[in-house]
Each structure stands twice: as C-alpha cells, then as structure tokens.
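Computation of the quantities below employed the complete heavy-atom set of this structure, encompassing side-chain atoms and omitting hydrogens, waters and symmetry-equivalent molecules. Lettering follows sequence order; numbering is per chain, from 1.
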Amino acid sequence: MGPGDLAEVLSKLPVMQNSNVLVGITTSDDAGVYKLNATTALVQTVDFFTPIVDDPYMFGQIAAANSLSDIYAMGAAPLTALNLVEFPNCKLPGEVLLAILQGGQDKVAEAGAVIIGGHTIDDNEPKYGLAVTGMVHPDKVWTNAGAQTGDCLILTKALGTGILASAARADLFPHGVMAATTSMATLNAMAKKVAEGFSIHSCTDITGFGLLGHTYEMAAGSKVMIDIDSEALPLLPEAAEAAAMGLVPVGAYTNRSYLTTVTFAESVPEPIRDICFDPQTSGGLLFAVPEGEADELVLALHSAGVAPASRIGYVTSNGSGEIYVR
Amino acid sequence: MSDRIVDCRGMACPGPVITTKKAIEETSFGRITIIVDNEAAKTNVTKFAAANELGAAVEVKDGHYYISIVKGAGQPAEVDKCQATTIEAGCQVYLITQDTLGHGSPELGAVLIKAFMTTLLEVKPLPVTILLLNAGVKLAAQGSPVLDQLTSLASRGVTILSCGTCLDYYQLKNKLAVGEITNMYTIVETITQNKTVTL
C-alpha cells in the first residue's frame, strides 16, 4: 500500500499503550521494539511480497534479505524467523516452492539466525517473506528519530531496484537487472556491523516508500530538515536510462504525490527524481552520523566490502520533515 | 501513412511501455495512438517516446489518455501539448486560494464560487488544471458546495490539484473527495509553465 492510504487506515485504529514498547507503530519505524528487561529488548518485523525476479531461489534470498533488513535498521541482531508463504499449489510444481524456501533459509543462515516455523496459504499468485525477531540492548536502538543538525547522511546500497524490476519484466537492461538482483539479495548485516563502531544518531532502511519517503520519515521523526545531493546518490547501472524510457513503477508516482515536503532544484534531471521516489526492495541502510565521523564511516564501509556506501546529504536545521534535493 | 491504435487500458506497469515499444518497432512509418487509463502509464509512455526522440501528443477523453506518436521521416510528431488537448482541455490554469470568490461579503463569495464553477463547465476550452491552495482546498473536500462541479471537470480531463500542506493544516487529507494531492514544487511548475489566473 502507498504511504498515504496506509496512514489513513491506521489513523482510525486506537493506539495500544504499553510501557515496555520502546518503538511502536506511531513513529513509522522499521520494526517494533519491546523491552524485556534492562539489558534486552525484542525487535520484531514482518514483510512479504510477490516475486520480483523469475528465479525462485533468488526470490527466496531477496525476500529474506528484505525481511531481515528491518532488524538491522533498528541496530539489532536477528535471532529467529517464521516463513510466510502463499502458493498456487495446482499451478506451480512443488520444486518452485522448495527453491523459494531454500533461498530464504540460506539467507537466514547467512544472517546467523534460524527459521523455527511458518504458515502457508493456497493462493493464485506466489508470495513469500518472513516475520523476523531480533535482539538489541534497549539503549542501543537505532530509530528514525534522533538525527541532529549537522549530521551527515550515509546510504549503503545503490538505488533503482524498482525501476530495474520493471526493466526485467520488459526484458530490457539485463546488466542493470543483474546488478539490482545481486544488490537486493545482499544482507545489510555488514553495513550494520561496521556502523556499530560509530555514533549512529538515526537509522532506517530504504524500502517501499523510496529514498525520499524513508528520508522523510527520518526527517519528520527527528524534527529536522534534510538536504540531499542528487549527484552523490549511488545508482544501480542503467537505472537512470531505464527511468528515462518510462520503466517507472506506479509506486514511484504514488510516493511522489504523497510526499509534499520535497523540493527539487531545477537542475535535478527527471530520471534522477524518479529514482529518488522509486520503491526499493531490500534497499540499503540510511545512517545519520556526526559530520566528524562521516568520512571515516564511509571508508570503513568500503573496506568491509559495502562498496556503494556514499555520503548523500546532511541535516541542515530543525524543521518538520522538509527535504531539499539539489 | 498507417494509423494504429493500441489499447493499453487495464495493463499493469510496465505493460503499456512494453506494448508501445513493440508497436513502435513494428511500425516503420505512421501514427500510433496508445490508450492508457492512468496517469503513471501516461507519463511512462510519454517518457518512452521522448527517450526514442519521438514526440508524443496527449489528449484526454473521459478520463483516459490518448497518446499519439508519429514515426517516420518527415513526419514531425512534436505537437504542442496545449494544441493537442484543445478538444476538451486548454492551457489555462486557475489558482484558487480561498473557498469563496472575491473579497467582500463571504456570503456573496460562496454564491459566486458556485456560480463560477458551474459556468466554467460551460466554457471551452476547459482549463488544463485547477490548483487549490490555502482555504481553496476546502472546495475539493467532502461537504464542498462545488464538489459536483469539480467532479464533472475532473471527469472531463481537468486536473484538480490540492496543496498537501494546506490539506494537513485544515485536517482535510482524509476528506479529499476529488483530484489529487500535490506539493509546492508542482504548484510552482504548473503556474510558471501555463497561463495562470489567480482567484
């Protein structure tokens, strides 16, 4: 669902109150955090979607990396996961389901977590994802609030997976599609591990609401204004070309019409604007760190193999979620 | 010169672009009209044409978009968007910043805005866009006295855009009954690129 439609429905539900809830649904964060005791909090998240690539094993890996990402975005370590599967039993052979689940399982194992169950429904179109539980010290939770004036923003993955998924359906830009597939299947574990050594003021992961949607959540949650340097954005190969030829998913237009606090400098080309709103699957982490640590963090990320990591903007002042893209 | 009509209504993204691509590849010389039923598809097909250095003219009929692309040497497809849309919608933009018309008696202003919108339906060409700002956004919300008129205008291809910040301020975001939500960038762009009248 688009951010606007979702907000409208959720606004009609009363908010449940519980003093152990450190992060709940009211702040549009990546996952919920529940304090068990002074040293331990549970982090929980769930996500599932329709196949974004043709290869079922790859789809399983991407869905798992995407579900696990919300745990990392809260600064937590994943512990357990539950499979959520919808599958057309009569239309597709069982090997396809096996490959999806194998992909998910391999990715969860890579994350050092374990799958302890799941639930399956017969449905026309396959869907897969996981509910993941992680653990974090209650004082070390990274939320989307907390970014401060002067902080630098660092993004750890290249943008354009939504546009390149459209390109894949059109059998175009195979090089970009392959790069997007690899990126989506990559865990945010290493980026999170490296960032633990720095003063992370705020963190979120870039998913369905696009770079600017999630930047807005951080800016609004932290009550600040953010400046994005469009020329510094890491882009997947051929993403801009694909956007220029109209392979822009509907979600990008939905995100664009919902985000009313974004202003672009006139010089920002249209394809780059599309990429800024492009819904990402298993996108990167977006960190807000003090200016003095920014270069060092980028360097550390590069050394750890998080090659796309880039400094993409900074927090200009207090505000209410305004974003300027120059 | 052959004319070809490709109906992409009901297709999910990127269907319209792929179908357009195929149609353009199959046509060496002639006009291709692509029909789509949503703005995202219209924008994407227009982008595809531009990327292939083909002009695209968009016409709006009954809320559907008819995009005509001309392929072949010596056939400039570049058609001014304004000229192409004269059947129903012209180039005029109205910027409405209050929920009544004119300064003076608010009671009279309420009567006038209703009369204005009703009359607007009768004139040709219709405006291309109506921008609603500040208390003007109340006109597009549930309970507005001119909702019927705005809905008719929208169904005839007039884009109705309400300022998101203003809807938030008046707590009307959930009550928007016609048109779409927009931001200041689009508002400024629309004003500067068109002949705009402020009411």
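Residue A:Asp274 touches chain B through its side chain alone, counting heavy-atom pairs closer than 4.5 Å. Using a 4.5 Å cut-off between heavy atoms, A:Glu270 touches chain B through its side chain atoms alone. Heavy-atom distances place no part of A:Ala165 under 4.5 Å from chain B, backbone and side chain included. With a threshold of 4.5 angstrom between heavy atoms, A:Leu172 approaches chain B through side-chain atoms but not through N, CA, C or O.
Under a cut-off of 6.0 angstrom, the local environment of OH in B:Tyr169 is sparse, with at most 12 non-hydrogen atoms contributed by other residues, nucleotides or ligands. For A:Glu231, the CD atom is loosely surrounded, since the number of other residues' heavy atoms within 6.0 Å does not exceed 12. Sparse packing is recorded around NZ of B:Lys175, with 12 or fewer heavy atoms of other residues, nucleotides or ligands lying under 6.0 Å away. Counting non-hydrogen atoms of neighbouring residues, nucleotides and ligands closer than 6.0 angstrom, the CD atom of B:Glu25 exceeds 12 such neighbours.
Summarising the geometry, atom CD1 belonging to B:Ile181 is positioned 7.5 Å from atom OG1 belonging to A:Thr260; distances are rounded to the nearest 0.5 Å. Going from atom NZ of B:Lys173 over to atom OG of A:Ser11 covers 11.5 Å, rounded to the nearest 0.5 Å. Going from atom NZ of B:Lys42 over to atom OH of A:Tyr253 covers 9.5 Å, rounded to the nearest 0.5 Å. With rounding to the nearest 0.5 angstrom, the CG atom of B:Asn183 is 13.0 Å from the OH atom of A:Tyr258.
At a heavy-atom separation below 4.5 angstrom, chain A is approached by no residue within residues 145-154 of chain B. Contacts between residues 8-20 of chain B and chain A, counted as heavy-atom pairs separated by less than 4.5 Å, involve B:Cys13, B:Pro14, B:Val17, B:Ile18.
Inter-residue side-chain proximity for A:Thr263 and B:Met184 is flagged as unmet; no heavy-atom pair is nearer than 4.5 Å.
Your options are B:Thr43, B:Thr165, B:Val45, and the one with the most heavy-atom pairs under 4.5 Å with chain A is B:Thr43.
Remark: the backbone N or O of A:Gly246 is paired with a side-chain donor or acceptor of B:Asn44 at under 3.5 angstrom.
When all heavy atoms of A:Glu8 and B:Asn174 are compared, the pair lying nearest together is CG-OD1, 3.3 Å.
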